[in-house]
Amino acid sequence: MAEEHNSSTTRDERYDPQRIEQKWSARWLSDPQLYAAEPHSTKPKYYVLEMLPYPSGALHMGHVRNYAIGDALARYMWMNGYNVLHPMGWDSFGLPAENAAIKNNTPPRQWTLQNIAAMKAQMKRLGFAYDWSREVTTCLPDYYRWNQWFFLKLFEQNMAYRKKSKVNWCPKCCTVLANEQVVGGNCWRHEDTPVEQRELEQWFLRITEYSDELLRDLEKLPGWPEKVKIMQQNWIGRSEGTLVDFDLGGTVGPAGSTITVFTTRVDTIYGASSIQLAPEHPIVSDLTSRNPELRAQVDEMIAEQRRAKEAGDIGNIEKHGVFTGRLAKNPYNGEAVPVWVANYILMDYGTGAIMSVPAHDERDFEFATKYKLPIRLVILPESTDPEETMTAPPLPFTAENGILVNSGEFSGLSCADAIAQMSARAAEKGFGKATVTFRLKDWGISRQRYWGTPIPMVYCEKDGVVPVAEKDLPVILPDKVMVTLAGGSPLASVPEFLNTTCPKCGGPARRETDTMDTFVDSSWYFYRYADAQNDQAPFDSNTIAYWFGTEGIDQYIGGVEHAILHLIYSRFWTKFMRDMGMVKNDEPVARLFTQGMVIKDGAKMSKSLGNTVSPDEMVARYGADATRMYTLFAAPPDRDLDWQDTGIEGIQRFLSRVYRLYTRDPVQANAAAAETAENLHILEKHGSDLARMAIAAPETAAKAAERKIQRKLHQTIKRVTVDFKGRWHFNTCIAAIMELVNDLYGAEQAIAKGLVPATLIAEVQRSIALLLAPMAPYLAHELWEMTGETSNLLKAPWPKYDPALAAEDEIEIPVQVNGKLRGLVVVPAGASNEQIEQAVHADAKVTAALAGKQVVKVIVVPKKLVNIVVK
RNA sequence: GCGAAAGUGGCGGAAUUGGCAGACGCACCAGACUUAGGAUCUGGCGGGUAAAACCGUGGGGGUUCGAGUCCCCCCUUUCGCACCA
């Protein structure tokens, strides 16, 4: 103890992040208004948002990186005079809380709130500048009651409906998953657990109502990564095609029954040689009703498809099928074609029935070859040369531009024209029509779990399915629940919850016991931030209009893993709210940034690989500033970051060097400079121009030293500003500051000798504090104070550079001969081309390289380079 | 199979529009100061050479006075999609 006190004189000399960070942390925490957004302001607004975490118990490096980027941006915008909204919250419903409850016998609520407290403390220790007065915790009734409120609105608008259907079931989660939550046939949370198919009664939201708009409006999002937009586009999967009815001739099932096929290539229909049905197609049961052997084969196909789907390699199964013995009539040419059932036809796309055109589709070709079905060519390649006779292409010929042949009256048309005319014909004759199908399906939100928002519906024997009255919200999630993973919704075992009265008739009724998908919570949480305390409505529309404007959140930052799930649901929710008149913006997010992963030893950090790095440990060892700054320095933010333990030490070394620039004792520095004269001569021997000058002409030397530092300062401000604002290349911002610091150390002798005015030194010190403020806020604040500043650095104006001061007096021009570097000439910055050429010809190295050669051409690129072409 | 991104020293990465390839950092080497150094400072650091020449941005072609950067072909890695009719 005593020793620590004794060392106090030297303690201040050393960069001690723990001491500095504790000091500032205490100050920041004592002012809850510090990072508060202003409700009204004359300043321009800026809403910067990072994806809220799931409160798993501890932040990982991926979080730190994500939040370090957002925090740097928020702080930068504050310094640029914006009214910044920078909130944080907790995506706190979900399965891990239930698993933890089972494992540790801790109630989910308690477990979750403990985790939130722990992670919030971590965030505060890291110094992230959040407006905690707007904190959103999705598992608390004051938030989830609005989920329920929205559900009622959706129900009113017929946008929420109940349907029995085949759904994805994760046996580990013991609940249903949305299509978006199935990754390669497996559960998104359990990547090695195949999803099963179950038939269940479920609540769905009609996201497909917005299929077209969700696709079209991607064009309104120039601030989104192309990659994310393409992923969404693929997910929505819009496909234009034609429905065509093939008549079964009344031989099957109800008289006059038909099979409707969906095709994108109706132009090839004269080449159709069979109909292929999905094994689960409803008409198959009619077709197989008097043929048990056929039925058995179909059942085996269904089982096979299910197995393949669960194994995630549907698409690789070998194609096979079985002829049903029936024929169907092609309405275009009257031809009767055989009806087959095939294992490669999927019931959940299109109509579950296709026409098979082997000549112009690879899959059909493979199938037809196997079963020796006719392969009839009906499209020929479009010839570029009109003289050339059209020749038969190799099969299958799947190009989409060609000319129809063997297609009756449509022969001779181009494929595009034929599709239009043939679709029109179908509509006219009543056997089909042009149509659009989507891969996107309605969003199933029922979950057979406890820890989620109760769906506010009741079931009454008399009145059926009845919504809970708005005034009775929230439907509170009961605390006392035995959570188990044994099938069925845990809430069904809580009589106090389950048994209620019907809002309509007052008679006995049962509550819905399923809870909502947690992606409901995250679909609109960022609106709640803008008006988090509102207990009358989810939010006030005028407040939203202020923070969202017409384009949405100014900058959203998060991982690309949410490219489809969260981001498509959020877009849907915004469009629904807009149609309800609640918001004016069409899209929730104007600009999206997806940062790269944090990896180590070439792999994503994971407990199973044992390559995790604990933020707490890093903060304890190197401080929050170094930890944050390293995540910004090690790679540009959009790329994966390869964590290196020695890398963060380099950052800490840099911060120490910066700190020392402010603490260097002038007396000691002067003592060090006592040997200046001698040092100058040593430096001169090392080739220091400044040293040479200081001996020969002290006045000129002083000017030169001053100018050199001043120029570097302004160049640095410029580089940091441009890279920060324009490109988000924090790594090069930091590199630029490092260069400035290196130069200052290089000028140590000059400074010690008093060649550099104290005012300039002070300006440099203030500027470095300002430039570091977004990235290393603790140290920056300390340095700011050390320069004698008393204003709050958080909102101090970002430094400006003077282009005139940043400009070089002299520039070095590389000289090439035939494109190879042969010399370097130094000319005044404003030198004309003639002057440059003169200097070039005066250069010994260049003239040597030119000796005996004939100059063909001299290229002078102003201020850049000279290239002399010789023979 | 389709689509996208990437490939630069021992490593992470610079090079904004075609103009000195390798900024900055790590690691490493040498030196200084030290009782000591896992502190700090100075210098070196793509290959090659005694020094040059020369060779170098995944490979091969091309455009250009000049290519990491633009064009064509190919290879590798990562990610996304995948019987989507």
Side-chain angles (χ1 to χ4, degrees), chain A residues 14 183-184 225-228 230-231 233-235 237-239 241 261-265 268 276 278 305 308 312-319 342-346 348-357 361-364 366-367 437-439 560-561 563-564 596-597 599 602 630 633-636 638-651 653-654 656-657 660 682-683 686 719 722-723 726-727 729 731-739 741-742 745-746 748 812-824 856-859 861-870:
Chain A
R14 228 182 63 239
V183 180
E226 223 32 58
K227 177 191 167 85
V228 172
I230 288 168
M231 283 166 76
Q233 195 177 314
N234 291 339
W235 185 261
R238 184 180 197 274
S239 168
V261 305
F262 172 74
T263 177
T264 54
R265 293 296 305 273
T268 65
Q276 304 289 342
Q305 278 194 342
D313 63 8
I314 197 150
N316 296 327
I317 55 176
E318 174 155 0
K319 291 180 187 43
N343 68 338
Y344 71 100
I345 309 302
L346 308 172
D348 53 14
Y349 186 79
T351 59
I354 66 150
M355 61 177 198
S356 173
V357 185
D361 182 283
E362 270 176 46
R363 296 151 302 178
D364 297 345
E366 188 187 333
F367 192 87
T437 62
F438 291 91
R439 206 181 84 118
V560 75
E561 64 273 17
I564 295 184
M597 284 187 304
I599 58 175
Y630 178 64
F633 179 68
D638 54 327
R639 278 210 237 168
D640 285 352
L641 185 159
D642 188 41
W643 186 276
Q644 291 181 355
D645 289 328
T646 50
I648 190 171
E649 288 174 22
I651 288 292
R653 203 170 300 152
F654 165 65
S656 306
R657 275 164 68 79
R660 223 150 16 89
I682 293 167
L683 281 171
H686 278 285
R719 275 180 65 189
V722 168
D723 282 2
R727 313 198 299 162
H729 277 206
N731 54 335
T732 55
C733 291
I734 296 166
I737 302 171
M738 285 172 166
E739 280 188 43
V741 170
N742 289 346
Y745 276 90
E748 213 164 20
E812 282 186 334
I813 304 260
V815 183
Q816 298 180 337
V817 175
N818 281 351
K820 300 205 166 166
L821 187 68
R822 284 293 180 263
L824 263 176
V856 178
K857 197 173 172 187
V858 178
I859 292 144
V861 185
K863 299 185 183 207
K864 290 275 186 190
L865 164 145
V866 174
N867 190 11
I868 302 167
V869 186
V870 298

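Throughout, a chain's letter reflects where its sequence line sits, starting with A, and its residues are numbered from 1.
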| task | Sticking with atom C1', work out how far B/A15 lies from B/G9, rounded to a whole angstrom. | result | 15 Å
| query | Mind checking the P distance from B/C41 to B/G25? Whole angstroms is fine. | reply | 11 Å
| said: By nearest heavy atom, map A/Val560 and A/Trp235 onto RNA chain B; which one lands nearer the 5' end? | reply: A/Val560
| message | With rounding to the closest Å, how many angstrom separate the C1' atoms on B/G13 and B/C2? | response | 32 Å
| field | Interatomic distance at C1', B/C54 relative to B/G38, whole Å | value | 42 Å
| said: Once you apply a heavy-atom cut-off of 4.0 Å, does A/Lys820 come out as touching a base, just sugar-phosphate, or nothing? | reply: sugar-phosphate
| For A/Leu346 and B/A85, what is the distance between atoms CG and P respectively, to the nearest whole Å? | 11 Å
| Chi class for B/G9: syn within 90° of 0, otherwise anti | syn
| said: Looking at B/C41, I'd like to know if its phosphate oxygens (OP1 or OP2) sit under 4.0 Å from a side-chain N or O belonging to A/Arg660. | reply: yes
| request: Please measure how far the P atom in B/A32 lies from the corresponding atom in B/C55, and state the result in whole Å. | output: 39 Å
| When rounded to the nearest 0.5 angstrom, what is the spacing between OG1 in A/Thr732 and CD in A/Glu739? | 10.5 Å
| request: For A/Asn818 and B/C54, give me the distance from atom CG to atom P, rounded to whole Å. | output: 11 Å
| query | With a 4.0 Å cut-off on heavy atoms, is A/Ile317 in touch with a base, just the backbone sugar-phosphate, or nothing at all? | reply | base
| remark: note: A/Ile564, atom CD1; B/C79, atom P; distance rounded to Å ~ 15 Å
| With pairs taken as Watson-Crick or G-U wobble and both distances under 3.5 angstrom, which stems of at least three consecutive pairs involve RNA chain B? | B:1-7 with B:75-81, B:10-12 with B:24-26, B:28-32 with B:40-44, B:58-62 with B:70-74
| request: Using distance alone, with no hydrogens and no angle criterion, decide if A/Arg439 and A/Asn234 have a side-chain donor and acceptor under 3.5 Å apart. | output: no
| request: Using the C1' atom on both, measure B/C28 against B/G46 and round to a whole Å. | output: 14 Å
| request: Can you tell me, in whole Å, how much space there is between the C1' of B/G22 and that of B/C73? | output: 28 Å
| query | Whole-Å distance between B/A52 P and A/Arg822 CZ? | reply | 13 Å
| query | Which atom pair, heavy atoms only, marks the closest approach of A/Glu318 to A/Asn343? | reply | O-ND2, 2.8 Å
| task | Can you see which heavy atom on A/Gln305 is nearest to which on A/Ile345, and at what distance? | result | NE2-O, 2.8 Å
| task | Indicate the atoms forming the closest heavy-atom contact of A/Ile564 with A/Met231, along with that distance. | result | CD1-O, 3.8 Å
| query | Side chains of A/Asp361 and A/Arg265: closer than 4.5 Å at any heavy-atom pair? | reply | no
| message | Rounded to whole Å, please give me the gap between CD1 in A/Ile599 and P in B/U78. | response | 12 Å
| request: Output yes when a side-chain donor or acceptor of A/Tyr344 lies under 3.5 Å from a complementary backbone atom of A/Phe367, and no otherwise. | output: no
| query | Given the P atoms of B/G58 and B/C65, what is the spacing between them in whole Å? | reply | 25 Å
| task | Check the angle between the aromatic planes of A/Tyr349 and A/Phe262 and answer parallel, tilted or perpendicular using the 30° and 60° thresholds. | result | perpendicular
| query | What string of B, S and - do you get for nucleotides 13-31 of chain B, 5' to 3', when a contact is any protein heavy atom under 4.0 Å? | reply | SSSB--BB--BBSSS----
| message | Nearest whole Å is fine: how far is B/C84 P from A/Ile354 CD1? | response | 10 Å
| query | So, for A/Val869 and A/Ile859, which heavy atoms are closest and what is the spacing to 0.1 Å? | reply | CG2-CD1, 4.3 Å
| query | Atom CD of A/Gln233 to atom P of B/G80: distance rounded to whole Å? | reply | 18 Å
| remark: Between the CD atom in A/Glu649 and the OG atom in A/Ser656, the distance rounded to the nearest 0.5 Å is 11.0 Å
